[in-house]
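Values in this document were obtained by computation on a predicted structure and should not be read as measured data. Within every chain, numbering begins at 1; the chains are lettered A, B, ... in the order of the sequence lines, protein sequences first and strands thereafter.
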Number of protein chains: 2
Amino acid sequence: MSEATRAPVARALNVLEAMNAAHSLHLGEIAERASLPKSSAVRLLDQLVEAGYVEKLSRSAGYRLTSRVQRLSWGFRLSDAVVEVAEPLMREFTKKHRWTLFIGVAEGDRMIVRYGTVAESPVAIDPLIYEAPTPFLLGALGLAYLAFCPDWERRAIIARLGRSRSATDRLARNPDDVMRILNGIRKRGYALTSDEVRQLANTSPKSAADGRRRVTGMAVPVMRGDRVLATVSLRFMRSVIGEQEAAKTLLEPLRDLARDIEIETHRLTDAGRE
Amino acid sequence: MSEATRAPVARALNVLEAMNAAHSLHLGEIAERASLPKSSAVRLLDQLVEAGYVEKLSRSAGYRLTSRVQRLSWGFRLSDAVVEVAEPLMREFTKKHRWTLFIGVAEGDRMIVRYGTVAESPVAIDPLIYEAPTPFLLGALGLAYLAFCPDWERRAIIARLGRSRSATDRLARNPDDVMRILNGIRKRGYALTSDEVRQLANTSPKSAADGRRRVTGMAVPVMRGDRVLATVSLRFMRSVIGEQEAAKTLLEPLRDLARDIEIETHRLTDAGRE
DNA sequence: TCCCATTATTCCGTTGAACGGAACAGCTGC
DNA sequence: GCAGCTGTTCCGTTCAACGGAATAATGGGA
């Protein structure tokens, strides 16, 4: 028992990683890549065989991963990767520019806020509710998603929203209005909470959306090909900085942030092994 | 300490699987899905966090998988899945029809024999060498691959073989001959070792291929869309059963086998979770 | 605002599983 | 046939894993 943390699970996972990275799957190489004595490697491999993740072929052929290893990462989606890489970048952004950021992903017929830099911002605007679902049409996050997602996806979502029981979703009943607003967003390159929502809300007298909101969200998409992986929204108070000025000074950094997230996500999910 | 195998690694892997399958990732659900007492679940989750596979968000938000889980199955390719599902089906086939089967996948500029039902066959023809690489042009396995793979892939492989130092690969120097033979195979629906190889070998006087081989391979592809995942070859002795008769009596079962492998592979790799 | 039900977290004594060095066995190639 | 290498098995030691129970935090409802 020499040095590093004697933790069987970490070692076993190291073995699995080693097998995923290795070329040949002989005991020697596995043990070496996992930095384990061979006797330990054998024991752990036996357990992995027992558990069904690894198959032992023969003495000479060594071991092989089984399809069961897929179950260990099935649930990890691209949207999780985006959020993961986005978090540190978002914190950095907020430390520099003060305003709070939120990132959201689409899930079914609504946007889910997955992270926010509330703790890093000196300006406490919104509380952070993890995994908070918000209607597509009520915030910059959702509007940005709809504006930049592929056409077929946009049609599908809006059609579904129109059939929804929720009052806010039913703003999508006039697809023409929605499409006009989304076209404006696409042309401009970013979504704003206030004006677009106000426009939609006015079509329905008793809307929950309040035209006099003090806080505005400015959102841009994080793309992957033609798909929108997530949208990032910058929240600022109109009493401090007007929308014009916000767009002038903050839009560029916000777009850079989105681009950085795209690049890092790509590296994280498509990168080779080793 | 109650019942089942007290093995930390198996438990930890259960936790990971549970997290991949779960909807919400609160301690309660994770522990329940993994059939663990909560205190154990916490301990294992801590280890997974420590090892970087899981992230703890907050008390209320629970846990989340990190992108690192992908490393646990990166190396598992479709070609591995094919071989895995093929093995029991091949054994069944050989028990029924006596002759030995081999399955091979393409890897770079050669075919790799990944499994053979040598143990199940009463007729000992070939030894089984796991992971044995064989040249593309020297066996039914490789010829079947080349015949049925997409056109762009065929061109690429043949071009590369033509540049190879190996004498057998260099049979691909006359692409026209090769293409003519492959066309024949495609039209017929299966590849044979003997005649095609003899034709190629004759173009090069001192070839390793022996026209008087006693054993013939009859190979069909296992497809996925337009890609060839693997090829399966039936090996029989010409002294016992002629090629005509083999095709008449064994081709149909062989094709059924290939189809079954295709179906099962699809189920294994595309199936939903839970 | 307080209280209660629910859920997460921490503690701790016990125990058996994990550990690796070393001896042994099996295969390969010279 | 022998030498060298690689995988396998054995075994005494030790400490990490274990889970029940006490404790703390949370959130919802009145």
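Taking 4.0 angstrom as the limit, A/Q47 places none of its side-chain polar atoms (N or O) nearer than this to OP1 or OP2 of C/dA17. One finds no side-chain N or O of B/K38 lying less than 4.0 angstrom from the OP1 or OP2 phosphate oxygen of C/dT6. A close approach under 4.0 Å does occur between a side-chain nitrogen or oxygen of A/R11 and OP1 or OP2 of C/dC19.
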- Query: Where do A/F102 and A/Y115 land on the ring-ring contact (aromatic ring centres under 6.0 Å, His included) test, with the steps shown first?
  - Reply: CA-CA 6 Å; A/F102 290 88; A/Y115 179 69; 8.7 Å; no
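Atoms CG (A/L25) and C1' (D/dG7) sit 15 Å apart, rounded to a whole Å. Atom CD in B/E50 sits roughly 14 Å away from atom C1' in D/dA16 (whole-Å rounding). The CG atom of A/D46 sits 14 Å away from the C1' atom of D/dC10 (whole-angstrom rounding). A straight line from CG of A/L36 to P of D/dT6 spans 18 Å, rounded to a whole angstrom. Computed from coordinates, the A/L45 CG to D/dT6 C1' distance equals 15 Å when rounded to whole Å.
Between the side chains of B/T66 and B/E55, no donor-acceptor pair is found at a separation under 3.5 Å.
Of the two residues contacting DNA chain D, namely A/S39 and B/L44, the nearest-nucleotide position lying further toward the 5' end is that of A/S39. Where A/E29 and A/V9 each meet DNA chain D at their nearest nucleotide, the meeting point lying more 5' is that of A/E29.
Salt-bridge annotation for A/R68 and A/E50: absent, with no side-chain N of the basic residue lying under 4.0 Å from a carboxylate O of the acidic one. With respect to B/D46 and B/K56, no salt bridge is recorded, no charged nitrogen being found less than 4.0 Å from a carboxylate O.
Here the side chain of B/R43 is nearest to one of D/dT8, D/dA17, C/dA18, namely D/dA17. Across C/dA18, D/dG7, C/dA8, the shortest atom-to-atom separation from the side chain of B/L27 is found for C/dA8.
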